[in-house]
Protein chains: 2
Amino acid sequence: MNTRFAVATHILTFLHTQDGRPATSELVASSVSTNPTLIRRLLSELAKAGLTTSQMGAGGGALLARPGNRITLLDVHRALDAEGTIFPLHQEPNPQCPVGRHINGVLRRRLSDVEKAMEAELARTTIADMAQDVANANRQG
Amino acid sequence: MNTRFAVATHILTFLHTQDGRPATSELVASSVSTNPTLIRRLLSELAKAGLTTSQMGAGGGALLARPGNRITLLDVHRALDAEGTIFPLHQEPNPQCPVGRHINGVLRRRLSDVEKAMEAELARTTIADMAQDVANANRQG
DNA sequence: TTTGTCTGTTACAAAAATGGTTACATATCA
DNA sequence: TGATATGTAACCATTTTTGTAACAGACAAA
């Protein structure tokens, strides 16, 4: 299982609920139920993508780099995964075979439409939406 | 990298081009550039999903279980992957935390829309389409 | 300026998933 | 009966993901 996307979304949603107060990797880790190093590794990738910033030193921690309504799940996906990793192609099918010679080009074209559809849907949810959903769930149950 | 989907699609496209002649796992493996056991493992899953049949014994091999224009890439995806495996959730976030308590339910709902969009797009391509694309590529160079 | 806190990163181990190889019982055709 | 091919299991190597420990450097607070 690759839960990096789910954990990264959890982190960002958590940061949103902190409302400007820096959150330490230890605090975030306790919400996710994992260890601080894993959180810091993911935060490092999210920071490289411009989604979060961090303050070192006492009283420091992680913050959203911009308002949660301007961070989408597509941003999260792109921060973590290179393109074409949802349905990776197999390498070097037999070039002597009429099918093997062209299957990857054909697949790439068809699957790029699939990824586009997926990305369009990912882009429709923001971290602010996530936080709102979580708040609603807390109010109701 | 998980290339099972790509390889399975390759297999089915190859079977389509065989036009009713049973293909041995060794023949298919040579097109994919892998080993016959891997092919047989995938064929076994495809057969369970009703997409292929196999004939044991001399002169045997694998066949499409129905016409290629009635097998979509969505069928392939469903034959290989359980639901919710594209973006797996992390298990047991902290139930003491307002975010941890509800993040997975919220994520599941939002991501199910994403998978639906993806599946709708996968359903638009059939194995016959794939074979046609490959044939066109061969005609053109 | 000193002390304590927290990040960023590395190293290494553990666990899980994927793919490759071998082997063999069983089914089927000729 | 003999040759062929599937289905499946066992086992290993490789890669990816996750967990754990360690530590230099940045920063705040006293």
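Being a predicted model, the structure only gives us computed values, none of them experimental. Each chain gets a letter, A, B and so on, in the order its sequence line appears, and its residues count up from 1.
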Please give, in whole Å, the distance from [N] [atom2] to [X] [atom1]?
| X | N | atom1 | atom2 | value |
| --- | --- | --- | --- | --- |
| B:L89 | D:dT17 | CG | C1' | 17 Å |
| A:I39 | C:dG8 | CD1 | P | 13 Å |
| A:E45 | C:dG8 | CD | C1' | 13 Å |
| B:Q55 | D:dA3 | CD | C1' | 17 Å |
| A:Q91 | D:dT15 | CD | P | 11 Å |
| A:L46 | C:dT7 | CG | P | 14 Å |
| A:Q18 | C:dC6 | CD | P | 13 Å |
| B:L42 | D:dT6 | CG | P | 14 Å |

Q: Give every residue pair that meets the side chain to side chain donor-acceptor pair (under 3.5 Å) criterion with at least one member in residues 23-32 of chain B, sequence neighbours excluded.
A: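 Sorted pair list: B:H10-B:S31, B:S25-B:R40.
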Q: Please work out if A:E26 contacts a base, only the sugar-phosphate, or nothing of the nucleic acid, heavy-atom cut-off 4.0 Å.
A: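 It contacts nothing in the nucleic acid.
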Q) Which part of the nucleic acid does A:A23 contact within heavy-atom distance under 4.0 Å: base, sugar-phosphate only, or nothing? A)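 Here A:A23 touches the backbone only, sparing every base.
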Q) Among the clusters formed by ILVMFWY side chains lying less than 4.5 Å apart, do B:M118 and B:L80 turn up in the same one? A)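 Yes, because B:M118 and B:L80 connect within a single hydrophobic cluster, where side-chain heavy atoms sit under 4.5 Å apart.
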Compile the donor-acceptor pairs under 3.5 Å between side chains in residues 14-23 of chain A and protein atoms, sequence neighbours left out, one pair per line.
unit_1, atom_1, unit_2, atom_2, d
A:T17, OG1, A:F14, O, 2.6
A:R21, NE, A:Q18, O, 3.0
A:R21, NH2, A:Q18, O, 3.2

Q) How do A:G60 and A:P36 order along DNA chain D: which one's closest nucleotide is nearer the 5' end? A)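 Per heavy-atom nearest nucleotide, the more 5' residue is A:P36.
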(Q) Which label fits B:F87 and A:F5: parallel for a plane angle under 30°, tilted from 30 to 60°, or perpendicular past 60°? (A)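 Correct class here is tilted.
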Q.
Tell me whether B:T3 contacts the main-chain N or O of B:A6 through its side chain, where contact means a donor paired with an acceptor under 3.5 Å.
A. no
Q: Go through the side-chain N and O atoms of A:Q132 and A:N136 and say whether any donor and acceptor fall under 3.5 Å apart.
A: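 Indeed, the side chains of A:Q132 and A:N136 share at least one donor-acceptor pair under 3.5 Å.
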Q: Kindly say if A:T24 contacts the phosphate of C:dT7, meaning a side-chain N or O under 4.0 Å from OP1 or OP2.
A: no
Q) Using a cut-off of less than 4.0 Å, is there contact between a side-chain N or O of B:S54 and OP1 or OP2 of D:dG7? A) yes
Q | Reading 5' to 3' through nucleotides 16-26 of chain C, protein heavy-atom contacts under 4.0 Å coded B for base, S for sugar-phosphate only, - for none | A | -SSSBBBB--B
(Q) Could you tell me if the side chain of A:I103 sits less than 4.5 Å from the side chain of B:M130, heavy atoms only? (A)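 In contact.
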Q. Quick one: which of D:dA3, D:dT8, C:dT9 gets closest to the side chain of B:K48?
A.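 Taking heavy atoms from C-beta onward, the closest nucleotide is D:dT8.
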